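This report concerns only the one structure given below.
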Number of protein chains: 2
Amino acid sequence: MPDALTATDDVHHVDDSALRAFFGYRMKRSFNVIQADLALALKPFELRMLTFTALTLVVSNPGLRQSQLAEAMDVERPNLVTIVEELVRRDLISKERVPTDRRAYSLQATRQGRMLCAEATTAVTAHEEALLGGLDEEMRAGAIEAMNRIEQGRQRG
Amino acid sequence: MPDALTATDDVHHVDDSALRAFFGYRMKRSFNVIQADLALALKPFELRMLTFTALTLVVSNPGLRQSQLAEAMDVERPNLVTIVEELVRRDLISKERVPTDRRAYSLQATRQGRMLCAEATTAVTAHEEALLGGLDEEMRAGAIEAMNRIEQGRQRG
DNA sequence: TATTGTTATACTCTATAACTATA
DNA sequence: TATAGTTATAGAGTATAACAATA
């Protein structure tokens, strides 16, 4: 039975019940775990979450422009520059001027980029499977549905 | 009517199905929404998520030490310094040396701090209610349970 | 020797204004 | 004038090493 100021004797378990009432707090804590695990899964490929996301989107959408990629990733255009730069430097994607609009660049994954993306995807899938293994299908689907509604509630709310 | 390179003709909806398969990606997107809403709710009180979290924990745990607060918040000790500094500067919490261990500081919320915490808590609760209103109780409880298991899976996994 | 709080530092992610070259 | 990509910059959040005071 801890007793502040003088005591605080053992207190290895701080009372965070006031915070645990909040969805956002719970989500932050579990997202930290997910993100750390994802970073670990991507490390062998020298990818970060942002570069992995960008690479995957370019692989799935050949010819994508940077502005479209930025919008899809919910990232400001200036912040995408270094991400694209890094992927180009590593020969994972290439940039070509769009003939009909010489302001724009069209992004293409290289063969190497597609291969790395496939390998990284496999690794990430395995990591998530290990991390979420304790959750049955119903619970996982429910959580995903809840997250989808929250995301889509942005424009409504 | 934009027409990127060869294909990607209309593409206002980029194909992100390869990413949406990942729990981490879904979670990042919805967490961004939650976090932005939380920041909005806290802005009138000039609190950030981190200062709100710290304040709430000190209010709930009078006499808490910085090292315990850091551990509870999952923040490195050096990063807590400015957070505590800010709350002390605003007279929301106070630091007292622990008599029995003069290395440590014991944190106490001031009356003003407890009042601001209560008001902020009310605002955050209302914001979350509005944002999560579309989710029925079962779905919300399921999502929270899933997030708890993910967080606790860190040590197991 | 180990621990509490601190300083200094650096890296990532994010956000805004202003520039360039095209349209 | 508007847009695509860029530069420069600044602010958060986070992580590590090293220090002074104390245990």
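Quick caveat: nothing in here was measured; it's all calculated off a predicted structure. Proteins get letters first, then strands, A, B, ... in listed order; numbering begins at 1 in each.
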Nearest listed nucleotide, side chain of [X], among [options]:
X	options	value
B:K95	D:dA17, C:dT14, C:dG5	C:dG5
A:E76	C:dA15, D:dT7, C:dC13	C:dA15
B:R102	D:dT22, C:dT6, D:dT14	D:dT22
B:A104	C:dT4, D:dT14, D:dA23	C:dT4

Any side-chain N or O of [X] under 4.0 Å from OP1/OP2 of [N]?
X	N	answer
A:S67	D:dT3	no
A:K28	D:dT14	yes
B:R97	D:dA21	no

What's the [atom1]-[atom2] distance between [X] and [N], to the nearest Å?
X	N	atom1	atom2	result
A:R29	D:dT14	CZ	P	12 Å
A:L80	D:dT3	CG	P	19 Å
B:E71	C:dT4	CD	P	10 Å
A:F52	C:dC13	CZ	P	14 Å
B:I83	C:dT7	CD1	P	15 Å

What nucleic acid atoms does [X] come within less than 4.0 Å of, heavy atoms only: base, sugar-phosphate, or nothing?
X	value
B:D101	sugar-phosphate
A:Q66	sugar-phosphate
A:L50	sugar-phosphate
A:R77	base

Check your understanding: Mapping B:V84 and A:M49 to their closest nucleotides on DNA chain C, which lands nearer the 5' end?
Key ->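 Its nearest nucleotide lies further toward 5', so the answer is B:V84.
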Exercise for review: Take B:E85 and A:P78, find for each the nucleotide of DNA chain C with the closest heavy atom, and name the residue whose nucleotide sits nearer the 5' end.
Suggested key: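 Closer to the 5' end of DNA chain C: B:E85.
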Exercise for review: Please state whether the base of D:dT3 and the side chain of A:R103 form at least one donor-acceptor pair under 3.5 Å?
Suggested key: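 Answer yes: a donor N or O sits under 3.5 Å from an acceptor.
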Exercise for review: Nearest-nucleotide wise, let me know which of A:N79 and B:N79 is further upstream toward the 5' end of DNA chain D.
Suggested key: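 By nearest-heavy-atom nucleotide position, the 5'-most residue is A:N79.
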**Study point:** Salt bridge flag under 4.0 Å for residues A:E46 and A:R89
**Key:**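 Result for this pair is no, no salt bridge flagged.
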